[in-house]
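Structure first, then comments.
For ligands, and for the atoms within them, numbers begin at 1 and follow the listed sequence. The analysis underlying the following values was restricted to heavy atoms, covering all of them including side chains, and did not include hydrogens, waters or symmetry mates.
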Amino acid sequence: MRFQQPDVIVVGAGIIGSSIAWRLAQHGLRVQLREAGRMGCQASSAGAGMLAPGGEVDGPSAFGDLLVESLRLYPDFVGELSSATGIQIDYHQCGAIETAASGNGWIALQARARAQAAMGVRSEVRGDHSLFYPDDAIVDPIGVLSALRLACLTLSVEILEESPVGRLDALDAAAIVLAAGAWTSSIVGAPAGIPKSFPVKGHLIGYDLLQGSFGPIRRCGHTYLLQRGNGFTVAGSTTELKGFDTSVDAAIVDQLRGRAEALYPPLKGLTPVRSWTGLRPGIDAPEPSIGRLAATRYWLAYGHYRNGILAAPATAARITAGITSSLETVSRGLPNNL
Ligand code: GLY
């Protein structure tokens, strides 16, 4: 197929960039989606797929609001992707049980839940000194990525894999979206002054358990467990600053195994069938960069750190609304220097 000159080039085909490309194409824009490796091959496919603002933000903030909005958008996001592609996505609103490791931790958890209620995150105190977050959900990111690929292709998005951009300033399009996760700020020609992006490594392990045997997500601090529809049960995670190293460390896997067993004792004696790592997109700023870099053709969509899977629908909605209205302004000959 011959592709025409794109209106928008999206740099980075993880779940954020791919969702943006899909939404832009739905608005009739010609979109090129560029990826240095394979679509979704980094943080997006490594992610556990926990859709849980309550486990991630302590109280009201702009990013917290985006996460809550994104969680609300998720059922329609996956439903629309499934109907557009025929791909069934493993998504369940299973809720989450959060426990504390100590008495003081339990007091802090309840205080946090009260602060979270102010931002629309619902939780209930249970008799066994745990909190239940009824709105939390899980999704298999690999299913979302497969559907995004097909949905993008159906709308004639030009997907270029194994295709690093070279110099950003040499790209020819009216708008360029920077959505390359941990790599974003180091792309050659990246605009000066954008927050630095960097990788934050996390180890995960997975067990084959009986389908339907687990129930809600379980969390305690930064240890979490969730089960996919097929019974595969994921335990995470770690937070490591090791550059772009993705190797699996057996000692860290053992520690994670211990934490997972403490949180869910039936895992004792079971051996994980898989262990892997991912590079979360860290950012040298309090919140991700989402929006236009003022008075330029660059749109920033990176730095989602632990929440890229959750934040994809709302990030795509915001970037798409911004780009479509800015390109409409240009086509109507109005000043476009937001
Ligand atoms: N979202 C969970 C994690 O990054 O480990």
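- For the pair Arg219 and Tyr133, the cation-pi test (distance below 6.0 Å, angle within 45°) is passed.
- Atom 1 (N) of ligand 1 has Arg306 O, 2.7 Å as its closest protein atom, hydrogens excluded (heavy atom only).
- When only non-hydrogen protein atoms are considered, atom 4 (O) of ligand 1 lies nearest to Arg280 NE, 2.6 Å.
- When each of Thr184, Ile176, Leu33 is paired with Val11, the side-chain contact (heavy atoms from CB on, under 4.5 Å) condition holds for Ile176 and for no other.
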Evaluation steps, salt bridge (charged side-chain N to carboxylate O under 4.0 Å, His left out), between Glu98 and Arg112: CA-CA 12 Å; Glu98 180 133 10; Arg112 190 186 74 166; 3.1 Å; yes
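- Contact annotation for His222 and ligand 1: no heavy atom of the residue comes within less than 4.0 Å of the ligand.
- Interface of Ser237 with ligand 1, defined as ligand atoms under 4.0 Å from a residue heavy atom, comprises 5 (O).
- Note on ligand 1: Tyr305 sits outside its first shell, no heavy atom being nearer than 4.0 Å.
- Inspection of the Gln32 and Arg34 side chains reveals an N or O donor paired with an N or O acceptor under 3.5 Å.
- Ser102 and Asn104 are not linked by any side-chain donor-acceptor pair at a separation below 3.5 angstrom, with hydrogens and angles left out of the test.
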Trace of the salt bridge (charged side-chain N to carboxylate O under 4.0 Å, His left out) decision for Arg318 with Glu69: CA-CA 11 Å; Arg318 289 192 187 181; Glu69 177 191 342; 2.7 Å; yes
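- For Asn307, no nitrogen or oxygen atom sits less than 3.5 Å from a nitrogen or oxygen atom of ligand 1, counting backbone and side chain alike.
- What sits closest to atom 2 (C) of ligand 1 on the protein, heavy atoms only, is Tyr224 OH, 3.4 Å.
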